[in-house]
Amino acid sequence: MKLRAIELTNLRRFAGRRAVLSDLGDGITVLSEPNEFGKSTFFDALHALFFERHRSSRAPVKALQPHAGGAPEVAVEIESTQGRFRIHKRFLSRAQARITDAQGRLIAQEDEAEAWIDRLLDGGLAGPSGLLWVRQGLLGLEPEGNSAADRQDRDRNLGTRRDLLSSVAGEIDMMTGGRRMDAVLDRVGQEMARLATATGRPRAGGEWQRAIEEAERLSRAETEARDKAARLSGDLARRSEVTRMLARVTDPEAARARQAALTQAEEAHQAARKHADRLAQAERDLTLARMAETTARQQIDQTRQLSDRVTQARETLRLAEARAVAARDRAEALALRDAQAAEAHRQAGEVARDLRGRLSRAQQARLALAARSRMADLTHRLDRAQALQAQLHADRAQRARLTITPKAMARLDQAQTVLDRLDARAEAQAVIIEFHADGPLATLADGTAVEGAWAVPGRMHVTLPGFGAISVDPGSGRGAQLAADLGQAQRDVARALQDCGAADLADARDRLNRATRLDDALRQGAQALDDLAPQGLDALHEALALATAEAADAPADAEDAAVLEPLLTAADTAEAQAQAQSRSAHEAATAAGEARADAEGERRSAERALADVLAEAGSLDDLAARLDALAATLPDLSARSAEAARLCATLSDAAPDLTTAQAALSRATSAAEQARRDAETMERDLAALNTRIALLAEEGIEETLDELSGQRAEAQARADRYAAEMAALTRLRDTLEQARTRQRDAYFKPVVRELQPLLSILHPGAALQIDDQTLLPHALTRDGQAEPLDILSGGTREQVAILTRLAFARLFAQAGRPVPVILDDALVHTDDDRIEAMFTALHRVATDQQVLVLTCRQRAFQSLGGTRAHVRIEDL
Amino acid sequence: MTFRFLHASDLHLGKPFGGYPEGIRNRLREARHAAIGRLAQAARQGGAQVVLLAGDSFDAETPAPDTLRQALRAMAEEADIRWIMLPGNHDSLAATELWRRIATDGPANLKPLLDDSPVTLADDVWLLPAPCTQRRAGRDLTQAMDAATPQGARRIGLGHGPVTDFDEGDGRTGIIPPDRAARSGLDYLALGDWHGQRQIGPATWYSGAPEADSFKHDGPAGALLVELGAQMTARAVPVGQFRWTRPHLDLLPGADVRAALTRALPTERARDHLVSVTAGGRLALSDRAALDAALQAAAPDYGWFAADLSALQVEARPDDLDLIDRAGALRHAADALLADTTDPQRSQADRDISAAALSRLYSFAQEVQA
C-alpha cells in the first residue's frame with residue numbers, strides 16, 4: 001500500500017478547515033513545518049483512520065476533535081495492488097466510513113469499509129503500523145510502557161514480526177525446534193545433572209561418582225588383599241621349604257653319618273699328632289747337633305779373627321804415630337809464619353797512622369788559609385752592604401717625604417689646564433684697563449699697585465692716590481660665571497697642589513721627578529744589596545765570624561798535604577796487604593794446629609785399640625793353641641749332625657698332613673654343630689610361620705581377594721558405563737545446541753540481510769544481535785564487544801529503531817505487502833554526522849519504499865533530499 | 001562284579017563370584033556348597049557309594065574356615081558315601097595348610113589323596129591317583145598311574161590337568177597324554193580341570209563341574225555315573241542348580257525384536273538362570289528402542305541378566321528420524337549425529353558415542369512427545 005494523499009477536515013488545530021497533504025510520491029517525502037503546525041496531527045489522524053473504528057469514541061479518536069468540537073474527518077488516498085482508493089472516516093458525530101475507488105464509485109461503507117481496511121492491512125489491527133510508523137517521542141523499538149494498551153501494542157507488533165518472518169523465513173519454532181527442542185534439552189540437562197556437575201565432572205553423591213568411589217575403594221581393598229595373599233603364599237612356600245630342610249637336617253641317617261665322620265676325623269687327627277711330635281723331637285735333636293758344629297766353626301773363625309785384629313791394630317798405631325809427627329812439624333812452621341806476618345802488619349799500620357796524622361795537620365793548615373781569604377772577601381762585602389743599606393735607608397726616608405704620585409700629578413696638570421683655559425677666557429673677556437700716567441703716579445687696583453694694562457676680572461676699585469678712585473664693575477652674567485668657574489678652577493689647582501705636596505706646578509713636576517729617581521735608586525740599591533748579601537747581613541756577619549775562627553786554627557808545623565796524600569795512599573795499601581797476608585798466615589796456622597790435634601787423637605785411639613785387642617785376645621801364642629784345639633772337635637760334630645738330619649728326613653717323608661687332619665676334624669665338628677643350630681633355627685622359623693599362616697588362613701584371604709577383584713571389575717565397568725553415558729549426553733546436548741543456533745541464524749538471515757547494510761552506513765563494522773523472543777535487536781556488537789541496546793545513547797537507540805523498521809519494511813515489500821514508513825519527528829537525538837548517514841540509509845531504502853518524514857527541523861533535514869510536501873489549508 | 005562310582009570334579013567351593021551383585025553372588029556360593037548333597041544324592045540314585053572328586057574341590061589354597069568346615073561337615077553328613085578327594089591345581093599339595101586342616105577336621109568318610117600310592121576302593125578295584133603337587137607341576141604326574149596293582153584288579157586313574165591335544169585357553173599347555181588310559185592299562189581315567197563335561201577317549205572323561213561357574217560351557221552341569229562291569233559305561237547325571245546361558249540375537253531391520261528375544265530366552269526356572277544376551281546385526285532406531293525396552297522388561301525375571309549390544313549397529317532410516325522431527329533443529333541434530341556414526345574420519349569410540357547420543361535423542365523425543 002502506498003499513501004498518495006491525506007486530508008484532514010475539522011481536526012484539532014485545523015478546526016473548520018481542511019488540511020490536505022497531497023502528491024505523496026514513491027520514495028522519500030518530507031513534510032517540514034515548524035512546531036505546532038500540526039504534523040503529528042496528520043500522524044494521529046492516519047493512525048485513527050486505519051486503526052480506530054469509525055464509531056469509536058476512544059481517547060485516540062476524541063483527541064482528534066478540535067476545541068470547538070464537531071466531527072473530525074480523515075480521508076486518505078491510497079494505492080494498492082488493486083488500484084487507487086479513497087478511504088474516508090468521520091468520527092464522533094454522524095460517524096461514517098466510506099471506501100471509494102479512483103472513479104469515485106462507492107466500494108464499501110460502514111462496517112464493510114472497516115472490513116475492507118482490515119483486509120487491506122492484511123492482518124487487521126495487527127497491522128504493521130506499530131512496527132513501521134515511528135511516533136513522535138518513541139525512542140525505542142516498541143512501546144515501553146506497562147499499560148494494557150502498551151502491552152497490547154507490543155504483543156501485536158511481535159505477532160506482526162513473527163508473521164512477517166514466518167512468511168519470509170518460516171516459523172521460528174519450526175526451525176529451531178521450539179518448545180520441543182527446549183523439552184529435549186531439558187531432559188538431556190536433567191540426565192546430565194543426575195550424573196555430573198555443570199563442568200562435566202561426576203556429581204558428588206551421584207551414581208557416577210559413587211561408582212567411581214566404589215571402584216577406587218574396591219581397588220584399594222583388592223590391593224590390600226592381594227598383598228596379604230602374597231604374604232600368605234610366601235609364608236606357605238617358605239614353610240614347605242623349611243619343613244623340607246628341617247627334615248633333611250634332622251634325618252637320623254644323616255646324623256649317624258655325621259657322627260661317624262667326626263670319630264674318624266678325630267682318630268686320624270690323633271695319629272697325625274703323634275707322628276708330628278716324633279718328628280718335632282728329631283728336628284730338635286738335629287738342630288742341637290748342627291748348633292754344636294756351627295759353634296765350633298764359629299769359635300775357630302773368631303780366634304782367627306782375633307789374631308788378625310791384633311796384627312791390624314799394631315799396624316794402625318804405627319801409621320798414626322807417623323802422621324802425628326808430620327802434623328806437629330807443619331803446625332809449628334805455620335805458627336812461625338803467622339807471627340811474622342802479624343808483625344809486618346803492625347808495622348805497616350804504624351807507618352800509615354803516622355802519615356795520616358801529618359796529612360791531617362797539613363789539611364788543617366790549608367783550610368785556615370782558605371778561611372783567611374774568605375774573611376777578606378766577606379769583610380769587603382759586608383762593608384759594601386752596610387753602606388748600601390744606609391743609603392737605602394736615607395733614600396727611603398726621602399722618598400717618604402715625597403707624597404706626589406703620577407695620578408696626583410695628572411690631576412694637577414688637568415686642573416691647571418682648566419685654570420689656564422679659564423684664565424685665558426677671563427683674560428679674553430676681561431675688561432682691560434690701560435692707564436698710562438703722565439707722571440709718576442701709582443695706581444692701585446684693589447690695593448695692589450698696577451701699571452700699564454690690567455684686567456678687571458670683577459668689580460674692582462682702582463685707586464689713583466691723590467686723584468681719587470674708580471670703581472670698575474664689568475657686570476654679572478658671563479663674567480660672574482667665569483669668575484665662579486675660575487675660582488673653582490683655582491681651588492682645584494690648589495687642592496691638586498696640596499695632594500702633590502707642591503707649591504706649584506713646576507714644583508710638583510720636580511717632586512715627581514725626584515720621587516721617580518728615588519724609586520729607581522731604591523730598586524737598584526735593593527738589588528745590589530741582595531747580590532751582596534742574599535741571606536741578609538746577619539748571615540754575612542756569621543760567615544765572617546766562622547772564617548775568622550778557622551783562620552785562627554792553623555797548626556804550626558804543617559807540611560804539604562799534596563806531598564803527604566800519595567804517601568798515605570801507598571802506606572794504606574801496604575797495610576792492607578800486610579793485613580791480608582797476616583790473616584792468611586793465621587788461618588793456615590790454625591788449620592795446621594787442628595790437623596795436628598786430630599793426628600794426635602788418632603794416634604791415641606790406635607793405641608787404645610791395640611790395648612783392647614790385646615786385652616781380649618791375650619797373646620798371639622795363646623790364640624794359636626786355642627785354634628788347634630777347636631779344629632780337632634769338628635769332624636765328630638759334623639757326623640752327629642748328618643745322622644740327625646737323616647732321621648728327620650725319614651720321619652718327615654712318612655708324616656701324615658696334620659693340617660688336613662685338623663681341617664677334617666674342624667669340618668666334621670662344625671657340621672655337627674651347624675646341623676644342630678640349623679635345626680633350632682628352623683624350628684623357630686617354623687613356629688613363627690605356623691602362627692602367621694594360621695592367622696591369615698583364618699581370614700580366607702584368597703576367597704576375599706577373588707571376590708574383591710570381581711567386584712572391582714564390575715564397579716569399574718559401571719563407572720565406565722556412566723562415563724560413556726555422559727559422553728553421549730554431552731555430544732547430544734552440543735549437537736542440539738549447534739543445530740538450534742544454526743537454525744536460528746537462518747531464521748534471522750532475511751532481517752539481518754536487510755539490516756546489516758543499513759547499519760554499516762551508520763556504524764561501520766557493527767552488527768546487531770536479535771532476540772529469539774521479541775524478534776528484535778537486543779544488542780549492538782562493536783569491536784567485538786556486545787552492548788545491550790538499553791545502555792546505548794539515545795541517538796544510537798533512535799537510529800537502531802529506525803533502521804530496524806526500515807529493514808522490516810523491506811521485508812514487507814519483499815513479501816508483496818509494501819507498507820509506507822512514517823517518521824514523525826524522529827532523529828531528535830542524532831548528531832549531525834549521523835543524521836547525514838541516516839539520510840543515506842533512508843535513500844537506500846527509498847528506492848523501493850515509500851517513506852514519509854514529518855519534521856520541524858527544517859535546516860537539519862534540508863540535506864535529506866526527497867520530495868518536499870506542502871499542506872494546503874482550505875477553509876470549509 | 002560291577003563297580004559303580006560317581007565321577008565329579010571342580011567343585012571350587014568358596015568361589016566368591018565377586019563380579020556379581022550380592023543377591024546372586026550368595027545364591028551361587030550356596031549352590032556350590034549344596035552340590036555336595038546333590039552329588040551324594042546322584043550317587044545314591046545311581047547305586048554308587050563312592051564319589052571321586054578329581055581335583056579343585058576348593059577354589060583357594062586357604063579357603064575361609066567356614067567354607068572348609070561346612071564342606072567337610074556336609075560330606076560327613078552323607079555318611080553312606082565315601083568321598084575320595086584328589087588335590088587339583090587350585091588346591092594342590094603345596095597348599096599344606098589346607099591339607100593339614102582337612103587331615104585334622106576331615107570326616108572319616110573322606111579320603112584325601114596326598115600321594116600317588118594306589119588306593120583300594122573295593123575288592124579288586126584300585127585307584128591310581130596323580131595328585132597335583134603344585135599349581136603348575138610342569139610334568140606329567142599321571143605317569144604314576146603305571147604303578148602295579150594286583151593281577152586282574154580294576155584300575156581307575158584319577159588325575160587333574162589339561163590333556164595335550166587341547167588347551168584350556170588360559171595359557172597352560174596340555175600335560176596329560178590323551179592315551180594315558182591305554183598306556184597305563186586303566187579301565188577308566190577320571191579327569192578334572194575342564195568345567196564342561198567332555199569325553200577324551202573311550203575310557204577317558206572330564207566330568208565337568210557339578211555347578212556351572214561361567215558362560216563358557218553351555219550344557220547342564222553335572223557329574224558322571226560310571227559303571228565298571230562287563231563293559232565300562234559313563235552316564236551324565238545333571239546335578240547343577242544354575243544354568244548359565246548366552247543367547248545371541250542376529251537382527252536385521254524390520255525384525256520383531258520382542259519375539260526374537262522371547263524365543264531366545266529360557267522360560268523355565270528363570271530365577272536359576274544367568275543370562276548374558278548378545279546381539280549383532282542392524283536395527284532401526286525404533287526397533288533398537290523396542291529391544292532396549294524388551295531387555296529391560298525381561299531382566300528382573302532372571303537370577304542375573306545382562307545384555308551386550310555393542311555389536312548391534314543402528315541403522316537410522318528417514319522414518320526413524322522423522323519420529324524425532326521432520327525438520328528444524330531437532331532433525332538437523334539427528335542428521336548430524338547419524339552422519340557421525342558412519343564418518344570414517346572418526347574413531348570407533350567416537351562413532352559409538354554419536355550412536356548412543358542418537359539413541360538418546362530418539363528416546364527423549366518420544367518422551368517429550370508423549
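Numbered from 1 within each chain, the chains take letters A, B, ... in sequence-line order.
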Salt bridge present between A/Glu191 and B/Arg360 (N-O < 4.0 angstrom) | no
Would you say B/Arg73 has more than 12 foreign heavy atoms packed within less than 6.0 Å of its CZ?
-> no
Got a second to check how far B/Glu97's CD is from A/Ser240's OG, nearest 0.5 Å?
-> 10.5 Å
With a 4.0 Å cut-off, would you call A/Glu707 and B/Arg29 a salt bridge?
-> yes
If you count the non-hydrogen atoms of other residues, nucleotides and ligands that lie under 6.0 Å from CD in B/Gln348, is the total more than 12?
-> yes
When A/Glu725, A/Arg740, A/Arg712 are compared by non-hydrogen pairs under 4.5 Å with chain B, the top option = A/Glu725
In terms of heavy-atom pairs under 4.5 Å with chain B, the winner among A/Gln738, A/Glu714, A/Met181 is A/Met181
Give the intermediate values and the outcome of side-chain contact (heavy atoms from CB on, under 4.5 Å) for residues B/His332 and A/Thr735.
-> CA-CA 9 Å; B/His332 283 282; A/Thr735 307; over 6 Å; no
Closest-packed option against chain A by number of heavy-atom pairs under 4.5 Å, given B/Asp325, B/Asp350, B/Leu358 = B/Asp350
Residue selection (most heavy-atom pairs with chain B, distance under 4.5 Å) from A/Ala727, A/Ala183, A/Ala739 | A/Ala739
Heavy-atom proximity to chain A below 4.5 Å, by part of B/Ile324 | backbone
For B/Gln296, look at atom CD and say whether over 12 heavy atoms of other residues, nucleotides or ligands are found less than 6.0 Å away.
-> no
Max heavy-atom pair count under 4.5 Å with chain A, selected residue of B/Thr67, B/Asp66, B/Leu68 = B/Thr67
CG of A/Leu732 to CD1 of B/Ile353, rounded to nearest 0.5 Å, is 12.5 Å
At a heavy-atom separation under 4.5 Å, does B/Arg331 approach chain A through its side chain, its backbone, both, or neither?
-> neither
Heavy atoms, side chains only, cut-off 4.5 Å: are A/Leu236 and B/Thr62 in contact?
-> yes
Looking at A/Ala728 and B/Ala357, what are the two nearest heavy atoms and their distance?
-> O-CB, 3.3 Å
How long is the gap from CD on B/Glu367 to CG on A/Asp186, to the nearest 0.5 Å?
-> 11.5 Å
Using non-hydrogen atoms only, which part of A/Leu218 is less than 4.5 Å away from chain B: side chain, backbone, both, or neither?
-> neither
N-O pairing of B/Lys15 and A/Asp706 below 4.0 Å = no
Interatomic spacing from CG in A/Leu729 to CG in B/Leu361 - rounded to 0.5 Å | 11.0 Å
B/Asp59 versus chain A, heavy atoms under 4.5 Å apart: side chain, backbone, both or neither?
-> side chain
What distance separates B/Thr96 OG1 from A/Arg239 CZ, expressed to the nearest 0.5 Å?
-> 4.0 Å
Go through B/Phe17, B/Phe364, B/Phe58 and name the one with the most non-hydrogen pairs under 4.5 angstrom from chain A.
-> B/Phe364
Nearest non-hydrogen partners of A/Leu736 and B/Ala333, listed with the distance | CD2-CB, 3.6 Å
Count the heavy-atom pairs under 4.5 Å between each of B/Arg326, B/Arg100, B/Glu61 and chain A, then report the option with the highest count.
-> B/Glu61
